[in-house]
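Everything numeric here is computed off the predicted structure, so don't read it as measured data.
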Amino acid sequence: MSHSKRKQKLLRRYAAALIALSGSSLGLANAQTATDKDVASSDDTNTVVVTARRREESLQDVPVSVTAFSADQLSKTAVPDIVGLVQSLPNTTMKASRATNSTLTAFIRGVGQQDPLAGFEAGVGIYIDDVYLARPQGAVADIYDVERIEVLRGPQGTLYGRNTIGGAVKYVTRKLGPERDLRLKATIGTYGQTDAVVTGSTPISDTVRVGATLAKFKRNGFGKNLVTGADNYDKDVSAARLTAEFTPTSDLFIRLAADITEDNSSPKNGYRLTVSNASKAPILDNVYDTRANLTTVLGHEQQVKQHGGSALIEYQLNNELTLKSITASRQDTSYAPIDFDSLPVVDLEAPAVYKNRQFSQELQLTYTGKKIQGVAGVYYIDADAYDKFDTLLAGAVPLSVFTMGDVSTKAWAVFADGSMNLSNDISISAGGRYTSDRRQATILRQLYLGTKGSPQLGNPGAVLFRTDTNLTSSDLDRTDTKFTPRLSINWKANANNNVYASWSQGFKGGGFDPRLNVVGTKISLAQAKAGYQPETIETLEFGLKSQFDKGRVMTNAALFFSNYKDVQIPGSVAVDTNGDGKDDNFAGVTTNAGKAKISGLELEAMAKITDAFRLSGMYSYIDAKYTKFLVGGIDVSSQKVFQNTPKHSANLTASYDWPMAISGRAGTMSLIGSASYRSDTHQFETPNDLLDQSAYTLFDASLVWTSSDRRLRAGLHGKNLSNTHYKVAGYLFPTLGFEGTTTAFYGNPRTVSATVEYKF
């Protein structure tokens, strides 16, 4: 090839990458299969395999908006947890919920859930090996022992056991290998970070393999509690996973798995954005510092502990039919001392206890014929979410407001989704799901005099002032049913271009707000018993997946249009219960907002400019607007915005590899740099100049050496190198208590870490 032609070819690759402006470096381009391949050769590009439709397919062939992350790329860029994926995901927000370390708040395409309340279904489903996590507590999971992570955007109901209206995040763990395997990973970093993960597996016989992983993640705080001296934003997480796999015959595979995670991090407290009203405490210099004084609940320090087990049985009936059974059980308990005001005085605080349990059973039948492919299944879940907390509220009459909510969910569904090849170029698919969700709730809300707590939270001498809510499951009982279909058509225009169009509906059942305040909000008993209504979404999507130059350039683009109805918006509001013009209490209010229209664009792309140099990136745009939002019978949609949904987000990543031998050991050095942008983001449906986050850009870089035999990897990683301070959440209660509460929580500051991985 002449120099001129090579130059033109390079220019075409640069242009394709820059024009596309997209494709998560972790996801689109570099997601790999379980073979753990490293840098591909000049004549070979990675085939990204996903199971978005419950069968293995190439990412470029599947007519679904999905981004995949391989274990290899997660390792090379030192992504610590699920929140770290956000920078390279289109139209996605994932973060730790406000005053928590490991409870997840997730939004995809404007659909999600802010408050981690008992009984609320998440808008974005989290799955671990097809097991749905019913509650967000502990869902900010550290990434270890995974083969890949898939993130699907849009309604997921005809393919997944649990109905999720906004999207799904799917962890796929690594199957055990046929030989003994031992892997060590250690990390040290700024703020005293010391992490260690040990993974091992061994065959017991030709048909039995066992494996285990032990992990410890520890870090000092980014700031300090100036009252107690404890760390703020620290980390102390221990985890373990045990697996046993059986293959009695070539057609039968059984996996038993159990895991446990314990988070003993200190309480995470917010940063006051205003001078306190009564004590005139000034605004602190360090956004990670706090003056909070609530440290325990029932004498128990902050802790989130969860454990679960699952049994997978997969039987291949013949070359085309596979039957799969997934049985799982999970439990978690959280002790959460929440200090809203972040001051040493008791002005607005909430010691809380959360307990969740779930049991689920799913049966799937998968068919993979030459002309027809599909999956059908039945799903059942029995879950219970319990919380109790005191709200310690200073005021003219100091109060301890005890709230107990116990919400049970019993839901079942039948679903099916199949595709048919009409020709070599055109295929159609159709799916449907029938869901029945039943929720029952018991809610007790009592007011006690003083701010020392209720009898239920450790103050037996408390004096009862008033009971606002006392409703049982015989009062609060509702069942919601819905059939939600999905249709799509896929046209493979040529070997390099795949065009698809899809239409789907999503559904999330109604329920009862566990903080229901009948007296404070002056609602009728009939309204209380009705609860909040289901929400639905209808999405039309057009997509184009392309590859050029023998797969060295790949681009994915999607346009989507959604009609979102009866949007469930949970929140807490200050209320005036005695009519004196001053807020003296709070109430949990869940609003079915009415209607909204959401439209957007998502672009992802990768270009392998040379064998050593790659460019990748992502750009997404979303226009989400409420068209009807009733408050007290008045439409206030013009005053409302979508929370946690920046209009623009983008990522651009460059990586360069070169051969380098260290101490005589051959290997490859990789330099990876990325910039990630997010435009203005609102924390709530009502804009607030103090809490809302203006546009910002984060810069990351990694320098990683991998030995040629892939047994040894060492890396140096920098995150948020510009040390940008950006708000991710907050509390807004400016009229409650004497001090006023407007506090913010921030994303991680600049961190630097060094990692070493070794495979024996």
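Across every non-hydrogen atom of Gly123 and Gln113, the tightest pair is N-CB, 4.4 Å. Considering all non-hydrogen atoms of both residues, Ala574 and Thr735 come closest at CB-OG1, 3.6 Å.
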task: Please step through side chain to side chain contact (heavy atoms under 4.5 Å, CB included) for the pair Ser694 and Tyr696, ending with a clear verdict.
output: CA-CA 6 Å; Ser694 58; Tyr696 64 94; over 6 Å; no

message: Show, in sequence, the C-alpha distance, side-chain angles and deciding distance for Asp259 and Arg330, and conclude whether the salt bridge (Lys or Arg N to Asp or Glu O under 4.0 Å) test is met.
response: CA-CA 9 Å; Asp259 65 90; Arg330 300 197 66 83; 3.0 Å; yes

- request: Evaluate the salt bridge (Lys or Arg N to Asp or Glu O under 4.0 Å) criterion for residues Arg148 and Asp72: first the C-alpha distance (whole Å), next the side-chain angles of each, then the deciding distance (0.1 Å), finally the verdict.
  value: CA-CA 9 Å; Arg148 67 181 179 276; Asp72 186 66; over 6 Å; no

Verdict with supporting geometry, Lys268 and Thr100, side-chain hydrogen bond (donor to acceptor under 3.5 Å, both in side chains): CA-CA 6 Å; Lys268 188 173 74 175; Thr100 73; 5.3 Å; no

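Using a 3.5 Å distance cut-off with no hydrogens or angles, the side chains of Gln358 and Asn356 do not pair a donor with an acceptor. Looking only at atom types and distance, the side chain of Thr590 has a donor-acceptor partner in the side chain of Asp513 under 3.5 Å away. A donor and an acceptor atom, one from each side chain of Ser620 and Ser649, are located under 3.5 Å apart. A donor-acceptor contact closer than 3.5 angstrom links the side chains of Asn651 and Ser676. Ser702 and Lys76 share no side-chain donor-acceptor pair at under 3.5 Å. When only modelled atom types and interatomic distance are considered, Thr103 and Ser97 share no side-chain donor-acceptor pair under 3.5 Å. Side-chain N/O atoms of Asn644 and Lys95 include a donor and acceptor closer than 3.5 Å. Side-chain contact check for Arg515 and Thr469: no donor-acceptor pair (N or O, by modelled atom type) lies under 3.5 Å. Remark: the Ser279 side chain and the Glu739 side chain contain an N/O donor-acceptor pair separated by less than 3.5 Å. Side-chain atoms of Ser266 and Asp231 include no donor-acceptor pair closer than 3.5 Å. Defined by atom type and a distance below 3.5 Å, a donor-acceptor pair is present between the side-chain atoms of Ser75 and Arg713. Inspection of the Asp195 and Thr187 side chains reveals no N or O donor paired with an N or O acceptor under 3.5 Å. Inspection of the Gln114 and Gln643 side chains reveals an N or O donor paired with an N or O acceptor under 3.5 Å.
In this structure the side chain of Asp263 never reaches within 4.5 angstrom of the side chain of Gln306, judged on heavy atoms. Side-chain contact between Gln446 and Leu444 is present, with at least one heavy-atom pair separated by less than 4.5 Å. Val151 is listed as a side-chain neighbour of Ile108, based on a closest heavy-atom distance under 4.5 Å. Looking only at side-chain heavy atoms (C-beta outward), Met404 and Asp406 come within less than 4.5 Å of each other. The side-chain heavy atoms of Phe402 and Leu457, taken from C-beta on, include a pair separated by under 4.5 Å. The side-chain heavy atoms of Val589 and Thr591, taken from C-beta on, include a pair separated by under 4.5 Å. Contact annotation: the side chain of Ile672 never approaches that of Asp700 to less than 4.5 Å [non-hydrogen atoms, C-beta and beyond]. Taking 4.5 Å as the limit, every side-chain heavy atom of Glu349 sits out of range of all side-chain heavy atoms of Ile338.
Judged by distance alone, with hydrogens and angles left aside, the side-chain atoms of Asp234 form no donor-acceptor pair with the main-chain N or O of Arg219 at under 3.5 Å. Using a distance-only test at 3.5 Å, with no hydrogens or angles considered, no donor-acceptor pair links the side chain of Asp390 to the main chain of Leu392. Looking at Arg291, its side chain never comes within 3.5 Å of a backbone N or O of Val227 through a donor-acceptor pair. Arg135 places a side-chain N or O within 3.5 Å of a backbone atom of Phe120 that can act as its donor or acceptor partner. Checked by atom type and distance alone, the side chain of Thr77 pairs as donor or acceptor with a backbone atom of Gln73 at under 3.5 Å. With Arg272 contributing its side chain and Asp341 its backbone, the two residues share a donor-acceptor pair below 3.5 Å. At least one donor-acceptor pair under 3.5 Å links the side chain of Asn232 to the backbone N or O of Asn269. Counting only distance, with no hydrogens or angles, the side chain of Ser400 and the backbone of Gly450 share a donor-acceptor pair below 3.5 Å. With hydrogens and angles ignored, the 3.5 Å screen pairs a side-chain donor or acceptor of Asn720 with a backbone N or O of Thr724. Under the 3.5 Å distance criterion, the side-chain polar atoms of Thr92 are matched with a main-chain donor or acceptor of Pro90.
Evaluated for a side-chain contact (heavy atoms from CB on, under 4.5 Å) with Ser276, the options Leu343, Val345, Ile283, Thr741 yield exactly one hit, Leu343. Put simply, the residue from Val401, Val346, Asn459, Asp347 that forms a side-chain contact (heavy atoms from CB on, under 4.5 Å) with Thr451 is Val346. Tested against Phe745 for a ring-ring contact (aromatic ring centres under 6.0 Å, His included), the candidates Tyr271, Tyr726, Tyr731 yield a single pass: Tyr731.
Salt-bridge annotation for Lys218 and Asp236: present, with a side-chain N of the basic residue lying under 4.0 Å from a carboxylate O of the acidic one. Here Lys647 does not pair with Asp680 in a salt bridge; the nearest charged N to carboxylate O distance is not below 4.0 Å.
Leu184 CG: more than 12 foreign heavy atoms inside a 6.0 Å radius. Residue Lys452 places its NZ atom among 12 or fewer non-hydrogen atoms of other residues, nucleotides or ligands, all under 6.0 Å distant.
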Side-chain donor-acceptor contacts of residues 297-305 below 3.5 Å, not counting sequence neighbours, with atom names and distances?
residue	atom	partner	partner atom	Å
Gln303	NE2	Glu262	OE2	3.4
Gln303	NE2	Asn264	OD1	2.9

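Residue Asn225 holds its CG atom at 8.5 Å from CG of Asp289, rounded to the nearest 0.5 Å. Distance check: Phe733 CZ to Thr743 OG1 gives 9.0 Å after rounding to the nearest 0.5 Å. How far NZ of Lys185 is from OG1 of Thr213: 12.0 Å, rounded to the nearest 0.5 Å. With values rounded to the nearest 0.5 angstrom, Leu516 atom CG is found 10.0 Å from Thr403 atom OG1. Here Phe340 contributes atom CZ and Leu732 contributes atom CG; the two are 12.0 Å apart, rounded to the nearest 0.5 Å. With rounding to the nearest 0.5 angstrom, the CZ atom of Arg750 is 12.5 Å from the CG atom of Leu698.
Relative ring orientation between Tyr288 and Tyr233 is described as perpendicular, the plane-to-plane angle rising above 60° on a 0-90° scale split at 30° and 60°. Taking the six-membered ring for Trp and thresholds of 30 and 60 degrees, Phe586 and Phe389 have ring planes inclined between 30 and 60 degrees apart.
The side-chain hydrogen bond (donor to acceptor under 3.5 Å, both in side chains) test applied to Ser238 returns Lys216, not counting sequence neighbours.
A distance below 6.0 Å separates the ring centres of Phe222 and Tyr191.
Pairs engaging residues 86-105 under the ring pair (Phe, Tyr, Trp, His ring centres under 6.0 Å) rule: none recorded [sequence neighbours left out].
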